[in-house]
Undergrad: 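Before I ask anything, let me first share the structure, which is written out below as structure tokens.
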Number of protein chains: 2
Amino acid sequence: MLGILGGMGPLATADFFAKLLEETPATCDEDHIPVLLLSDPRIPRRPPAILDGGESPLPRLRELRDALIGAGATVLAMPCNTAHHWYAPLTADCPVPFLSIVEASCAALPAMAPAGAPVALLATRATLAAQVYDAALAAGGYRPLLPTEAEQGDAVLPAIARVKAGDAAGAAQLLTPVIEALLGRGAGAVLLACTELPIALDAVQSPLRARCVDTSRALAQHCVRFWQTRSR
Amino acid sequence: MLGILGGMGPLATADFFAKLLEETPATCDEDHIPVLLLSDPRIPRRPPAILDGGESPLPRLRELRDALIGAGATVLAMPCNTAHHWYAPLTADCPVPFLSIVEASCAALPAMAPAGAPVALLATRATLAAQVYDAALAAGGYRPLLPTEAEQGDAVLPAIARVKAGDAAGAAQLLTPVIEALLGRGAGAVLLACTELPIALDAVQSPLRARCVDTSRALAQHCVRFWQTRSR
């Protein structure tokens, strides 16, 4: 059973679950992966913990991880990029495989951008500050290309907040010019490294999605492949 | 924590979770209901159990119910109409509230159709044979109006199968003339009493939805109201 450690945020968790089903080759119910999904919006907020010394979510993430395993999860996924700041401690003592959204997303890059290309990184300030993607990008030969301070503060962060508030189309309006500008500044691809961001582009069926890595969908594909090859 | 007993089918379960979030008044993550969702497509199939004496899903449904409670669920919902054939035994010895999709859906009728009106019932053959809705409709003063054998066999059942196979728009093409015909035969409202059916009409943003009760959304609204008033 695939355990989904979610709730960061709830809409992104639901979007990930829907994409997991979309990515599963299935013609009837029985073809689908058994899933146990926890959506706990009470997990201490990740950005203040990283940026301002706020309460760490790690103890609660460990508790939920262990609850999922205790209830029968044999492989885990966590559809939140910022929470992957705690991926190392969460996996160090984890008795079942815990699939990484960072690894899954970076694996999608070679098909979109040549090694050496800049890859734009749209994420929370906390994901950027914690350098969640930096090592994986460097390992693939990619250079992170960040939005300007104005793009980050006036578009990326408000877009994330709008998705969480249920206004995905409004979020897309904010994001579109930023993605176009980053592509104009030479980005070979754009990592939507916050699971709220793909929801925005999906809401308007943006053609820019062809230039972006949807980190939720990448993780979903990774889970399906894992399930098909290694876990039953 | 709201426990969702799902997987019958997985897409309907994901649709229910998405509608639960849509129906929750929320501007940030923390406003959402904590959810534990089990999507188990290995639950023995409901229609053969009802129609052909196949393996009963009840023992497995009890196990999953108890697993959800054991993992912290304080209220339960099951977004599958056919499975509500086993609602009485599932709730008889259940230590937490278990919200009924039948009760939630019939509560939506008075706003759409006057007492005494025929209410069309689109559902699996098993839901119809097990008379899952009959007592609740009668209690509200409504008369069930069933599709013809041809409409059931050539449109309703294939539409359910198409949604499960990922072709929601194709399912809507099959359903639309049946819903129009039932309204033409005097239905005051149409109960989409299979949680795959609303997915079809949503996929094409059908204006017929205004004349239909989406049983997934009705259950989601019932859960939100319950959570707001009785459980924290």
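Letters go in sequence order (proteins before strands), and every chain restarts at 1.
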Undergrad: In Å and rounded to the nearest 0.5 Å, what is the CG to CG distance from B/Leu38 to A/Leu38?
TA: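 Between atom CG of B/Leu38 and atom CG of A/Leu38 there are 10.0 Å.
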Undergrad: Distance from A/His32 atom NE2 to B/Asp40 atom CG, nearest 0.5 Å?
TA: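 CG of B/Asp40 is found 13.0 Å from NE2 of A/His32.
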Undergrad: Is B/Thr24 close to chain A through its backbone or its side chain, or both, or neither, when contacts mean heavy atoms under 4.5 Å?
TA: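 Neither part.
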Undergrad: Quick one: which residues of residues 149-165 of chain A reach chain B at under 4.5 angstrom, heavy atoms only?
TA: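 From residues 149-165 of chain A, the residues near chain B are A/Lys164, A/Ala165.
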Undergrad: Please state whether the side chain, the backbone, both or neither of B/Ile33 comes within less than 4.5 Å of a heavy atom of chain A.
TA: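 The backbone, not the side chain.
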Undergrad: For B/Gln173, I'd like to know if atom CD has over 12 heavy atoms of other residues, nucleotides or ligands within 6.0 Å.
TA: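 12 or below, so no.
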Undergrad: Sort A/Leu11 into side chain, backbone, both or neither according to what part of it lies under 4.5 angstrom from a heavy atom of chain B.
TA: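 Its backbone and side chain both get close to chain B.
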Undergrad: Tell me which one of A/Asp29, A/Asp31, A/Val35 satisfies side chain to side chain contact (heavy atoms under 4.5 Å, CB included) with B/Pro10.
TA: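 Single pass found, and it is A/Asp29.
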Undergrad: Which pair of heavy atoms, one from B/Pro34 and one from A/Pro41, lies closest together, and at what distance?
TA: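 Nearest heavy atoms, B/Pro34 then A/Pro41: CA-CD, 3.7 Å.
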Undergrad: I need the residue from A/Ala14, A/Gly166, A/Ser39 with the largest number of non-hydrogen atom pairs under 4.5 Å to chain B.
TA: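 Greatest number of close heavy-atom pairs with chain B: A/Ser39.
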Undergrad: Quick one: which residues of residues 44-73 of chain B reach chain A at under 4.5 angstrom, heavy atoms only?
TA: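 Within residues 44-73 of chain B, the residues under 4.5 Å from chain A are B/Arg45, B/Arg46.
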